[in-house]
Asks: 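Here it is, the structure in full.
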Amino acid sequence: MLAAIPSATLLGVRGHPVRVEVHVGNGLPSFTVVGLPDASCREARDRVRAAVASAGLDWPQTRIVVNLAPTDVPKSGSGLDLPIALGVLVANGQIQPESVAGAAFVGELGLDGTIRPVVGIVPLVDAMGDAIPVVSPADLGEARMVCAAARSVATLRELVSVLKGNSPWPDHQPPPPAAQQDQVPDLSDVRGHRLVRRSIEVAAAGGHHLLMTGPPGAGKTMLAERLPGILPDLDRSTALEVARVRSAVGESDRGEGLVVRPPFRSPHHTASLVALIGGGSSQLRPGEISRASGGVLFLDELGEFPASHLDALRQPLESGVVRVARAGISAELPAAFLLVAATNPCPCGSGRWGSCRCSPAQVARYMRRLSGPLLDRFDLRSAVEPPDANEVFGTQSVQAESSEVVRARVAAARDRAVLRGVSSNRRLRGSQLEKWAPLRHDARTLLRELLATGHLTVRGAERVRAVALTLADLTDVSAPLSGELIESALLLRATDSTTGATA
Ligand SMILES: [Zn+2]
C-alpha cells in the first residue's frame, strides 16, 4: 500500500528532484501532506481528490499520508498534483507500480482532471535526470528543450488509460519553433555619436560595463537598446541558463524554442529591491538582474535608483551570481549581465555651461548619489552629446555601419577571450593580465606614473589594461600593448568631466 513517484520542485531557477511517497493505510478517512509543502502545494489534496473522482477512479476511503522527500527542501507550487494523484492510484492498486517505472511526472490538476501547465518546466525537467518527463501538452515544447523524449497527456483519465496499457501515448506535438527574428533596433539607424558607438562596441567585445552621461534627448537610451544587437549568439549552456530563468518566471513563449539572442532588460528606477535583485516573501523569484543574465541590464537615470539598490548590485557585478534568501532558504541565481547605465550630468539635466541652472553643491550632491565603489565598476564612461547637425543632415552624413558588421568584430574578440580561459576580457585578473596583456616599455611607464600620482588605483590600472587588450583585439593588434593603446583605454574610461577625471 505504498508508492513512490519521481517528480521535481523549483527553488529559484533550479529544479530539485522530489520523491512523492504515498501511503494508503488503515484508519479513518484523512489526507495529510508532509515534507515542507507551501500553501499552494498543501492545497493539492483538494484538487487531487476532485480530479481523481472526475476521472472516474476510486478514492480510497482510508488514511492517506503523502511525504514529499527529501524533507529539507521546501516544495512550492501546484506541479506535484499529478505525481500525488498517481501515487494514490498506485498505492491502492488501481495502477501497477511497473507502469510508472522510468518516468517522472509534473503538472497541476484541474478539478475536472485536466493536466495544466506549471512554471519552471525547463529547470524541473533538468532535475529529473534520466527519467522520461511526463508533462501537460502546453509544457511539452519547453520540456523538449531539455529532454527530447518528453511526453505529454491532456487529462488524468487519459494518463491512467495509457499506463494501464489500454491506449498508446498520445502524439501531442509542440508548436514548431517560429523563426526567431532579431527585434533589436539596428546600429545603422544611428547618425553621428562616433565616440559612443566605439564605447558600445568595446563594451560588447570585452564585457566592460558602460556609463553614459548626457542631457535628456541626447540618445543614451537609443544607443543602449542597440547593444544586444551587436552581442554574438548565446552558446548552448548560456541559452539554457536564460531559458531556465524565463521558465522560472513563467515568461517562456511556448512556441519559440531555445532563444539564442541575448536578453535586454531595463527596469525603471521605481522597481522594488526584490524586483531588481530577486527574492520574495512566499517564493524565491529571479529579479531583473537574473533575467538580464547572459545579456544587457540597462539602468536609465542611474542617479534616481535608491542607494540600497545600487549597493546590492556590487556583489553580482563582481561574481556574476546573486544569493537571495528568505526564511532559512537561500538560492544562487545567475547574474552575469553587462551593465549599461545612463545618467544626466546634473539635476536640471542640461549639464552645459551657460544653460545649467544647478549650483556646484547641487551637482556634487547629485553625483555623490552614485556611490564611488559602483562608479569604479564602470570601465567605460562616455559623454553623450546630441549629434552634430552636420552629422545628421549635412555632407558628412554617411551610412553608418550595421549591427551585423559590428557583431562580427565583437564575436571575433570574444573568441579570443575564450582562448584565454574567460568569457570576456573584463574577467581577466592580475596574473592572467600579466600573461595575456603584456605591456611595452612606454605603456608600463605611463601606468606607473598614473599610479604614483594617484590618478589611477591599482584596480583602475588593471581595468584600463583589460580595456586596452579589448581595443587590441578589435583592431587585430597583437600584444605587447603600446602606450598609445593604454591612452585610448584611458580616454574611454573618462571622457567627461563630471564622472571621469579621478578614475
Ligand atoms: Zn544643471
Side-chain angles (χ1 to χ4, degrees), residues 2-11 13-22 44 48 51-52 55 57 66 68-70 73 75 77-91 94-109 113-177 236-237 240 243-244 247-248 252 254-255 257-258:
L2 187 70
I5 309 290
S7 186
T9 192
L10 188 68
L11 194 58
V13 300
R14 297 262 168 253
H16 291 265
V18 172
R19 237 168 74 95
V20 178
E21 300 170 342
V22 180
V48 167
V52 167
L57 299 155
V66 175
L68 309 173
V73 176
K75 323 294 181 309
S78 51
L80 295 174
D81 288 5
L82 180 59
I84 290 174
L86 284 178
V88 170
L89 296 175
V90 171
Q94 295 184 76
I95 302 176
Q96 292 308 305
E98 304 80 58
S99 64
V100 293
F105 302 83
V106 64
E108 179 183 309
L109 285 175
T114 50
I115 301 173
R116 293 179 177 159
V118 295
V119 295
I121 281 294
V122 175
L124 290 173
V125 169
D126 250 351
M128 289 174 176
D130 294 334
I132 291 174
V134 180
V135 301
S136 75
D139 281 336
L140 187 60
E142 265 188 70
R144 290 215 171 141
M145 282 185 203
V146 191
C147 176
R151 286 170 170 156
S152 73
V153 279
T155 64
L156 186 59
R157 186 197 290 268
E158 189 181 10
L159 179 58
V160 170
S161 165
V162 171
L163 293 176
K164 281 181 168 172
N166 296 340
S167 51
W169 282 99
D171 187 25
H172 296 127
Q173 286 299 327
R236 182 165 165 86
S237 81
L240 270 175
R244 265 184 226 115
S247 179
S252 286
R254 296 173 199 284
L258 196 59

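Along the sequence shown, residues carry numbers from 1. Note that these values count all heavy atoms, side chains included, but never hydrogens, waters or copies made by symmetry.
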Asks: Nearest 0.5 Å, what's the CG-CE distance between Leu140 and Met145?
Replies: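 Rounded to the nearest 0.5 Å, the CG-CE separation comes out at 11.0 Å.
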Asks: Heavy atoms only: give me the nearest Ser99-Leu163 pair and the separation to one decimal.
Replies: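 Smallest interatomic distance, heavy atoms only, reads CB-O, 3.2 Å.
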Asks: Which heavy atom of Gly107 sits nearest to which heavy atom of Ile115, and what is that distance?
Replies: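 The pair with the smallest heavy-atom distance is CA-CG2, 4.3 Å.
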Asks: Has Lys164 got a side-chain atom pairing as donor or acceptor with Ile95's backbone, closer than 3.5 angstrom?
Replies: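 Flag not set: sc Lys164 to bb Ile95 has no pair under 3.5 Å.
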Asks: Do you know which of Leu86, Val90, Val66 makes side-chain contact (heavy atoms from CB on, under 4.5 Å) with Val22?
Replies: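 Result for side-chain contact (heavy atoms from CB on, under 4.5 Å) with Val22: Val66.
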Asks: Taking only residues two or more places apart in sequence or in another chain, which ones pass side-chain contact (heavy atoms from CB on, under 4.5 Å) with Asp171?
Replies: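 Here the qualifying residues are Gln173.
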Asks: Testing the basics here: between Val119 and Leu10, what is the closest heavy-atom pair and its distance to 0.1 Å?
Replies: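 Heavy atoms of Val119 and Leu10 come nearest at O-CD2, 4.3 Å.
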Asks: Once rounded to the nearest 0.5 Å, what's the spacing between atom CD1 of Ile84 and atom CG of Leu109?
Replies: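 If I round to the nearest 0.5 Å, the distance is 9.0 Å.
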Asks: Are any of the side-chain heavy atoms of Val100 and Phe105 separated by less than 4.5 Å?
Replies: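 Yes, side chains in contact.
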Asks: Got a sec, which residues hit side chain to side chain donor-acceptor pair (under 3.5 Å) with Glu98, two or more places apart in sequence or on another chain?
Replies: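 Applying side chain to side chain donor-acceptor pair (under 3.5 Å) to Glu98 gives none.
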Asks: Within the 4.5 Å heavy-atom criterion, are Leu82 and Leu159 side-chain neighbours or not?
Replies: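 Yes - at least one pair of side-chain heavy atoms lies under 4.5 Å apart.
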Asks: With rounding to the nearest 0.5 angstrom, report the OG1 to CG distance, Thr114 to Leu156.
Replies: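 The CG atom of Leu156 is 9.5 Å from OG1 of Thr114, to the nearest 0.5 Å.
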Asks: Got a sec, which residues hit side chain to side chain donor-acceptor pair (under 3.5 Å) with His172, two or more places apart in sequence or on another chain?
Replies: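 Checked His172 against side chain to side chain donor-acceptor pair (under 3.5 Å); matches are Ser152.
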Asks: Between Ala103 and Pro6, what is the shortest heavy-atom contact and its length?
Replies: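 Heavy-atom minimum between the residues: O-CG, 3.4 Å.
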Asks: Before you tell me yes or no, could you show the steps for Ser161 and Ser167 under side chain to side chain donor-acceptor pair (under 3.5 Å), namely the whole-Å CA-CA distance, both residues' side-chain angles and the distance that decides it to 0.1 Å?
Replies: CA-CA 6 Å; Ser161 165; Ser167 51; 2.6 Å; yes
Asks: My understanding is that only residues two or more places apart in sequence, or in another chain, count here; which of them pass side chain to side chain donor-acceptor pair (under 3.5 Å) with Gln94?
Replies: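 Applying side chain to side chain donor-acceptor pair (under 3.5 Å) to Gln94 gives Asn92.
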Asks: Going by salt bridge (charged side-chain N to carboxylate O under 4.0 Å, His left out), name the pairs with one or both residues in residues 153-163, residues two or more places apart or in two chains.
Replies: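 Listed by first then second residue: nothing to list.
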Asks: Testing the basics here: between Val52 and Ala85, what is the closest heavy-atom pair and its distance to 0.1 Å?
Replies: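 Looks like CG2-CB, 4.3 Å.
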Asks: Taking the side chain as C-beta and beyond, is there a heavy-atom pair between Val153 and Trp169 under 4.5 Å?
Replies: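 When only atoms from C-beta onward are counted, Trp169 and Val153 do touch, with a gap below 4.5 Å.
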Asks: So which pairs with a foot in residues 77-88 pass salt bridge (charged side-chain N to carboxylate O under 4.0 Å, His left out), sequence neighbours left out?
Replies: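 Qualifying pairs: Arg47-Asp81.
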Asks: Please table the atom pairs, donor to acceptor, closer than 3.5 Å between any side-chain atom in residues 123-134 and protein atoms at least two apart or in another chain.
Replies:
{"unit_1": "Asp126", "atom_1": "OD2", "unit_2": "Arg244", "atom_2": "NE", "d": "2.7"}
{"unit_1": "Asp126", "atom_1": "OD2", "unit_2": "Arg244", "atom_2": "NH2", "d": "3.2"}

Asks: Please identify each residue that fulfils side chain to side chain donor-acceptor pair (under 3.5 Å) with Glu108, with sequence neighbours left out.
Replies: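 Glu108 satisfies side chain to side chain donor-acceptor pair (under 3.5 Å) with Ser78 only.
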Asks: For Arg14, give me all partners under salt bridge (Lys or Arg N to Asp or Glu O under 4.0 Å), at least two apart in sequence or on another chain.
Replies: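 Salt bridge (Lys or Arg N to Asp or Glu O under 4.0 Å) list for Arg14, sorted by chain: Glu241.
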Asks: So which heavy atom on Ser247 is nearest to which on Ile121, and how close?
Replies: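 For Ser247 versus Ile121, the nearest heavy atoms are OG-N, 2.9 Å.
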Asks: Tell me, do Val160 and Leu57 make a side-chain contact under 4.5 Å, heavy atoms counted?
Replies: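 Counting from C-beta outward, Val160 and Leu57 do come under 4.5 Å.
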Asks: Within the 4.5 Å heavy-atom criterion, are Ile5 and Arg19 side-chain neighbours or not?
Replies: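 Not in contact.
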